[in-house]
K.L.:
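One structure, pasted below without further comment.
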Amino acid sequence: MLSGILVLFLLAALVPVLAGRLGRATAWILAGIPLLLGLRFLRYAPVTPGSIIVERIDWVPSLGADLTFLLDGLSNAFTLLILLIGSLVILYSGAYLSDHRRLGPFLAYLLLFLGSMIGLVLSDNWITLFVFWELTGVASYLLIGFHHESEASRSAALKSLLVTGSGGILLLVGILLAIQAGQDLGLSLEQASRISSLGLVDLRQDSRYPLILVFITLGAFVKSAQVPFHFWLPAAMAAPTPVSAFLHSATMVKAGVYLLARLHPHLGGTPLWQILLISIGGATMLLAAAMALGQRDLKRILAYTTISVLGTLVLLLGVGTDKAVEALVVFLFAHALYKGALFLVAGNIDHGTGTRDADRLGGLIRLMPVTAAAGLLAALSKAGAPPLFGFLGKELLFEAKLDRESIGQWLILLAITSNVLLVASALRVGIRPFLGRVHPTPRPPHEAPLPMLAAPIVLAALGLLVGLAPGPFARHIGSATATAILGWPVDMKLKLWHGLSLEAMILMLLSGLTLAAGFAVYVGIRRGVHRRWPRPGAILRWGPDRLYERGYAGLLRLAGGLTAQIQSGSFRRYLLIVLVSAIILVGSSLFLADLEIRTLDLWDVKFHEALLAVLVLAGVVLTVRSRSRLTGIAALGVTGLAIALIFAVFSAPDLAITQIMVEIQTVILFVLVFHHLPPFSRRSTLSVRLRDLAVAGGVGVLMAALVLIVPAVRLQSTLADFFRSQSVAAAHGRNVVNVILVDFRALDTLGEITVLAMAGIGVFALTRSIATRSRSG
Amino acid sequence: MNVFLLSLFLALLWAGLFGTADWAVMLFGFVIGFVLLRWIGGPLKFARVPLRIPQALGLVIFLFYELILSSVRVARDVVAIRPRRRPGIVGIPLEVESDAGIMLLANLITLTPGSLSLVVSRDRRTLYVHGMFVEDPEAFRSSIKQGFERLLLRLLGR
Amino acid sequence: MMTALVILLSLSLVPAFIRLVLGPTLPDRVVALDLMSTVGVGMTALLAIIYGRLVFLDIAIVLALISFVGTVAFAHYLERRYRKERR
Amino acid sequence: MTTMLVLPLLIPLLTAALCLVGWRHPVFQRWAGTAGAAAELGAALVLLSRASAQELLVLQVGSWPAPFGITLAADLFGALMLVLAGCVGLGVAVYSLADIPDEARSRGFYPIFHVLLAGVSGAFLTGDLFNLYVWFEVMLTASFVLLALGGGRRQMEGAIKYVGLNLLCSAMFLAATGLIYGATGTLNMADLHESAARIASTHPNLLIAVQSLLFVGFGIKAAIFPLYFWLPASYPTPPSAIGALFAGLLTKVGLYALIRTATIVFPHESPVLGWIPALAAWTMIVGVLGAVAQQTISRILSFHIVSQIGYMIMGVGMMTSSDPSIRHLGLQAAVFYIAHHIVVKTNLFLVAGTVREMRGTDDLRRVGGLASAAPPIAILFLIPALSLAGVPPLSGFWAKLAVIRAGLLAGQGWVVTAALATSLLTLVSMLKIWQECFWKPTDGPARSPSGTVPAVLLSRNRRVRAISMCALAAITLWISVAPQPLMRFAGRSADQLLRPERYTRGVLSSPAPAVHDVVGREPER
Amino acid sequence: MYVVLALIVGALYTAGLYLMFRRSLVKFLFGLVLLGHAANLLLFVVGGLVRASPPIARLGAEAPDAGSADPVPQALVLTAIVIGFAVVAFTAVLVRQVYRVTGTDDVDELREDP
Amino acid sequence: MIVMIAFVLAALGVLFILLAAVGILRLPDLYTRMHASSKAATLGAILVLLSVAVHFGGPAVWVRCLLIVVILFMTAPIAAHMIARAAYIAQVRPSPDTRIDELGSETEL
């Protein structure tokens with residue numbers, strides 16, 4: 001399994017190169033590869049309910065990440081869908097973008113996406129799952145932003161990545177909490193990181209369960225575009241059409257549903273789970289279906305209906321009964337097939353006519369007959385008309401909702417309403433452009449090339465096929481999938497005709513009613529009724545989207561404002577903040593420190609020493625208060641000289657000498673340099689100066705305090721004695737300080753010389769650049 | 001001031017910096033100084049002056065004497081309640097012509113009682129001197145000319 | 001006894017410093033600084049006697065040599081500045 | 001032989017000397033400089049392998065016994081840092097063949113560059129607190145000069161702030177060193193371990209205060225929250241090769257010193273470390289908000305250094321936890337993070353430099369269209385950029401995962417929240433660069449600043465640049481795909497850091513004449 | 001004297017930092033110098049003060065006098081002084097260059113690009 | 001005896017320096033002050049150094065002391081001269097009680 005994913009990634013890396021060589025054949029060849037992979041997976045395929053195939057490779061054991069792949073009914077179902085639709089989409093894109101300069105990269109992104117998606121549904125490791133989860137986000141970002149010359153494309157891509165990325169972060173927190181909880185319950189890190197080993201412990205009893213569940217479901221909701229996080233999906237329609245077909249029919253958005261389904265046996269079934277999923281799923285189902293009506297762009301209509309279906313799936317997971325899960329499985333497949341087909345049909349229409357405006361299209365059946373056939377089939381499946389796959393789905397849906405007794409009536413009402421709306425949308429997308437009068441279009445309508453016809457037709461035809469003969473599907477795929485989701489064996493049976501029981505009659509009636517009502521709504525829309533309706537969608541469509549835009553703009557403003565405040569460019573402000581924090585940090589610990597004055601002899605001061613101290617102080621004050629540069633330099637010189645004399649008085653002749661030499665050189669240097677600088681002028685106000693003085697004084701006080709505390713602490717040093725005894729004997733030098741510098745701590749001196757040399761080079765370089773500058777200008 | 005004298009001075013400096021008066025060290029310093037000066041001395045263009053030791057000694061002794069005298073006078077004036085000072089600036093026509101000579105003279109004058117050389121005029125003919133006790137400019141002028149310049153001329157021979 | 005001399009000597013730093021503060025002209029300050037370094041030479045020399053250690057003479061040497069350089073730098077700068085201003 | 005511990009110091013210093021000798025021969029300097037950097041990396045790699053085998057290499061310089069002379073010691077962490085410095089050094093050296101203008105090169109770019117490397121290596125190797133200060137200064141001075149080399153107005157404005165705040169940093173460091181010597185009478189870090197413990201029992205407050213002082217000093221250097229201002233002010237200004245060098249190395253030296261002292265010198269229970277998680281959170285947030293607000297690539301990247309430092313010290317901050325496994329994980333995460341970040345950030349600066357070279361500016365409002373114009377550059381940008389943002393499975397993801405896991409385990413909910421928000425915002429600003437600079441179409445034709453340079457030369461230049469960028473990207477990819485070796489190494493380093501006894505015993509008992517160098521070789525655990 | 005010098009150290013820090021706060025680059029430079037003095041003196045003072053007994057062996061002696069000053073702080077300060085001088089020297093030239101390039105010595109006029 | 005001589009020399013030296021310091025404070029203008037500093041102070045320093053030489057005795061000390069003396073001897077007047085010249089050029093005017101100023105009219109220097 002790993003090898004399959006790696007092959008896809010490798011191909012993704014190679015495609016941009018290959019595309020140039022292979023030309024038009026690229027897409028054909030590439031489309032074959034997922035198909036081959038699919039065949040390979042099909043070998044495992046009749047996964048008998050409950051059987052699981054695992055492959056395991058170490059990756060980052062320190063963090064609990066390993067490449068554990070698990071193939072059970074659920075992942076098998078997804079894998080097959082992904083590979084099938086992926087293969088068709090690649091084929092389709094080869095033609096759709098045949099003239100495009102960046103076809104190679106496009107296919108590469110597509111393969112990257114395909115690989116990540118496969119990885120996502122196969123991973124049994126939390127971390128690895130998350131890795132693939134985010135990779136799908138990145139790949140979709142690149143795909144959505146493919147037409148990056150347009151501003152809309154770019155911002156749509158950004159929006160989708162940011163929104164799903166935030167969701168990913170929530171998911172990550174949930175995952176880490178789950179791993180942590182697993183470890184606390186006695187699992188090893190490796191075990192705790194396995195999703196399947198959630199079966200070993202019952203997280204539902206853990207106190208962190210609500211937290212984990214909320215984070216994980218939120219992550220899934222965002223990915224699966226549940227209200228109120230749905231807004232990124234319609235925006236993502238900026239992507240090239242095949243991308244939409246792929247991402248929004250079978251893959252990207254279904255990842256959230258996949259994750260919830262995967263966790264259902266381990267985390268599901270609790271009241272919290274039900275409340276969360278049913279409420280959010282139900283709301284999404286209804287609202288998105290309603291919003292779809294307000295759209296004119298074919299792709300946007302499809303996008304909203306996709307959201308609605310995703311809501312339905314989440315809702316079904318929330319209900320969580322056998323029937324509901326069966327309905328989920330069927331609906332999942334049916335939707336993938338018809339939605340994929342419809343997107344591709346929309347692409348064909350766009351390609352053939354130059355517009356996707358539902359209200360400006362009509363009568364295309366004569367001009368684009370094959371497309372029309374696919375479109376009609378898919379739309380009918382979507383509308384839930386017998387004998388198509390979608391019909392089976394709808395039947396089961398109604399049935400499942402009846403199961404849930406307490407809120408069954410409400411749910412069914414909800415389901416019917418949204419289905420009515422979906423039917424209307426289906427008619428608008430799949431029927432409207434083909435029937436009726438021919439409208440003028442930007443381009444004279446013409447049929448698409450073969451690959452672009454093959455893909456939707458295959459998908460639509462599959463829908464018909466399964467609808468007519470659902471048995472094999474139920475046996476080979478459906479049951480295993482449902483089993484994996486439920487955690488206990490289910491034997492799924494699908495029939496087109498349920499016989500004449502009361503329940504079956506009711507279902508039939510409901511289906512018929514839905515279709516009829518849907519048609520009525522469609523007619524109403526054609527007449528423009530909806531324009532007079534209050535638009536519930538308006539609030540929701542704008543709500544979170546606005547929030548995002550506002551939030552994004554607000555973030556930029558906040559960042560700008562804050563940064564302008566903090567990183568103001570004023571060196572003095574920086575200094576102030578640094579010093580104040582130093583005072584706080586150091587002072588807070590010193591506050592309670594034991595200052596033992598009694599260890600200090602206050603009166604051990606000789607007159608000349610005191611005088612030198614006063615001289616230092618006087619020099620300092622004069623330096624601070626000097627009005628002219630040269631006075632300042634002179635005062636600085638006095639300070640340095642006095643310090644040198646202090647060194648001399650306290651037994652450090654070498655220091656005194658060095659200090660004097662350095663001091664004088666500093667003076668000379670300053671004198672030379674300041675020749676080129678303007679004189680002082682008083683610039684700060686009194687209050688500023690007082691503030692600065694207070695802060696500087698704070699540091700001064702702290703330093704003095706630290707110095708005063710040290711003698712009380714001093715430990716016996718062995719260093720001094722060692723140096724004193726060794727310097728003559730071992731190093732042959734009478735001046736211990738010198739011996740330390742050149743022998744014991746020669747490395748310091750090496751560094752010191754290096755610093756001097758650096759400064760020398762720096763001075764040289766700067767003065768030279770001054771010279772060249774003044775020469776040139 | 002010639003190479004030899006300078007080398008001697010450098011040797012002193014050398015010994016001082018070495019912190020010993022070890023004769024070997026001194027000699028080594030002298031040799032190094034001498035060689036170096038010979039080597040780089042060309043460009044420095046030392047006045048080729050014959051060494052006149054007695055005159056030089058005389059100058060040094062005179063200088064010490066003058067230094068003490070002037071110091072005492074200045075010191076006395078500092079603490080005096082009624083100072084006797086009569087500051088003034090006087091121009092002195094120069095007879096020495098070489099750079100070294102002028103420099104030496106100017107420096108020496110600075111060390112003499114109550115006089116401090118300020119500037120040399122552009123034509124290098126006049127040295128302006130600040131005096132602390134200038135009762136009479138002419139007397140002041142001649143005292144300098146008779147004192148230092150004469151000694152200097154004797155030492156340097158113009 | 002010598003210590004008394006050191007104290008006396010260090011006292012002379014006071015007027016020098018006052019002159020440094022008062023100025024009024026830069027050369028005044030330089031002269032004051034120069035005097036202070038001379039005082040420093042004297043002090044270190046006395047310290048050598050008091051401590052009985054010759055190393056302090058080295059300080060005196062350095063101080064004597066170096067302060068001269070500093071003074072010359074000041075003078076040089078001053079002269080250049082005014083010559084430039086005149087131009 | 002442990003004598004080779006001096007190699008990472010000697011090689012750059014000798015190279016610098018060589019380059020100085022060849023001052024007037026740019027071609028010679030170029031070759032010598034690059035070869036020196038390669039040798040440095042080679043030496044570091046050898047050291048790493050030896051350190052990895054022997055746990056700890058110790059050299060008593062001048063063969064004076066341990067607390068008296070200066071000790072050079074390479075433990076796992078130090079050796080790893082050396083190798084990273086070598087990587088950055090070589091990468092930048094190669095890149096600068098194309099990037100540094102001849103003018104600056106003739107003003108001593110190569111000698112200073114190598115001295116900087118020497119300073120950094122010295123800081124990583126030394127086992128002596130004051131010697132650490134000296135190497136800090138070497139590094140700082142070299143960086144001052146590099147920053148100011150041939151600078152225009154912006155560079156000068158940045159340089160003053162850089163110099164001012166960094167000198168404050170060294171003044172604090174120096175003061176703290178003095179206070180420590182005054183209190184303990186020793187400077188050797190291994191020796192200090194014990195002395196500090198004794199002081200901690202009698203005068204804990206003084207120790208804490210001194211550690212705070214040191215923390216502030218290193219914090220300035222490492223660009224931690226209220227102390228980081230010099231960084232965004234100065235890093236964007238020099239040529240990008242220099243910026244890359246700084247971005248990769250300098251802050252990490254501060255961080256290294258912080259970790260080194262916090263683990264070896266001071267006891268783990270110190271309350272100073274208790275501030276770190278909160279500071280880490282602020283560092284991340286403020287840094288990333290700063291980045292979001294910027295409009296030029298180099299400024300965005302500079303602010304991101306700050307925010308990323310937050311993650312690293314967040315790992316360090318876990319050392320306050322009472323649970324040893326959390327302490328270990330935190331430090332492991334920090335080490336891993338540092339390694340990942342050095343490579344990635346250096347590479348990003350190099351890419352920014354290439355953009356600047358191609359378009360004449362790196363102002364996002366004025367560049368664009370690079371995705372079509374230069375797809376390889378786009379890929380070279382995307383790898384480190386997404387890694388920086390922590391997009392899985394790139395190296396940054398593993399780093400962040402480790403840090404966040406440690407934070408969650410330690411129950412630092414707020415810090416984790418900040419870290420997660422920061423990673424999202426990092427993504428925002430990386431994508432901002434991507435969208436504006438690479439995706440956005442340009443209005444006019446691409447403008448090359450060096451219009452007079454023949455196209456052939458320009459393309460050769462790009463190839464030279466590409467070499468180092470590709471190499472660094474390859475390292476990133478390698479860490480991404482196979483993070484476990486580095487992660488395990490980081491774990492071993494953390495283990496070593498958290499048990500300073502082994503280090504101190506190794507340093508103090510290492511015989512003065514470096515006869516044999518196997519120290520602390522013990523069975524793992 | 002220890003107490004006095006400790007206070008002097010505090011004063012030097014205060015003055016140095018205060019000067020670094022000023023708007024003139026020249027004062028900033030003065031501040032750096034004073035800051036260097038402060039750190040050096042701190043190092044020296046904290047290492048312990050001993051009068052009249054430098055750590056230098058008398059001629060012919062095997063070791064310096066017993067109780068002579070601790071040589072280590074002196075060595076450290078010596079290194080620090082030289083390093084400090086190098087840095088200050090460079091900064092001085094840098095300040096001059098800044099003034100040449102920007103035409104101002106007012107720190108507040110040194111901005112960053114937005 | 002030696003100690004006595006040394007002390008007397010040192011005391012004299014200190015006295016001269018002290019007087020120079022007072023002079024530098026009391027005297028009315030730069031030029032007169034310079035008389036004090038360049039002469040009295042130098043002499044004072046020389047005396048102190050001689051005292052050191054006498055106190056310690058021995059050639060090493062004498063050499064060093066003489067060295068310093070020579071340095072002072074050479075540098076003091078040069079320094080004084082340079083400052084004086086600079087001051088004059090910088091138009092530091094002598095105090096009003098300077099009676100004679102033969103240079104005063106000359107501006108071209």
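Sequence lines set the chain letters: A, B, ... in the order given, protein chains first and strands last, and positions in each chain run from 1. These figures come from a predicted structure and were not determined experimentally.
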K.L.:
Looking at E/Gly48, E/Pro73, E/Gly47, which has the largest count of heavy-atom pairs under 4.5 Å with chain D?
P.N.:
E/Pro73
K.L.:
Find the distance between CG (D/Leu179) and CG (E/Leu43) and round it off to the nearest 0.5 Å.
P.N.:
8.5 Å
K.L.:
Is it the side chain or the backbone of D/Leu140 that comes within 4.5 Å of chain E heavy atoms, both, or neither?
P.N.:
neither
K.L.:
Answer with side chain, backbone, both or neither: which region of E/Val87 has an atom nearer than 4.5 Å to a non-hydrogen atom of chain D?
P.N.:
side chain
K.L.:
Just verifying a value: how many Å separate D/Met156 CE and E/Leu110 CG, rounded to the nearest 0.5 Å?
P.N.:
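D/Met156 atom CE to E/Leu110 atom CG measures 11.0 Å (nearest 0.5 Å).
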K.L.:
For chain E, which candidate among D/Ile160, D/Val163, D/Thr141 shows the most heavy-atom pairs at distances under 4.5 Å?
P.N.:
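Of the candidates given, the most pairs with chain E belong to D/Ile160.
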K.L.:
For a quick test of reading the model, state the closest non-hydrogen atom pair linking E/Phe90 to D/Ala148 and the distance between them.
P.N.:
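Smallest interatomic distance, heavy atoms only, reads CZ-CB, 4.2 Å.
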K.L.:
What is the minimum heavy-atom distance between D/Ala171 and E/Ala39, and which atoms define it?
P.N.:
O-CB, 4.4 Å
K.L.:
Locate the shortest heavy-atom distance separating E/Thr102 from D/Arg153; write the atom from each residue and the value.
P.N.:
O-NH1, 3.4 Å
K.L.:
Could you state the interatomic distance from CG (E/Leu94) to CZ (D/Phe144), rounded to the nearest 0.5 Å?
P.N.:
9.0 Å
K.L.:
Are the side chains of D/Tyr133 and E/Thr79 in touch, meaning some heavy atoms are under 4.5 Å apart?
P.N.:
no
K.L.:
Measure the CG-CE distance between D/Leu165 and E/Met20 for me, rounded to the nearest 0.5 Å.
P.N.:
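That separation rounds to 7.0 Å.
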K.L.:
Could you report the tightest heavy-atom contact between E/Val72 and D/Tyr181, atom names first, then the distance?
P.N.:
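Here E/Val72 and D/Tyr181 meet closest at CB-OH, 3.3 Å.
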K.L.:
Answer with side chain, backbone, both or neither: which region of E/Tyr13 has an atom nearer than 4.5 Å to a non-hydrogen atom of chain D?
P.N.:
side chain
K.L.:
Quick check on the interface: out of D/Thr177, D/Leu174, D/Val138, who has the most heavy-atom pairs with chain E under 4.5 Å?
P.N.:
D/Leu174
K.L.:
Is chain D contacted by the side chain of E/Leu76, its backbone, both, or neither, given a heavy-atom distance below 4.5 Å?
P.N.:
both
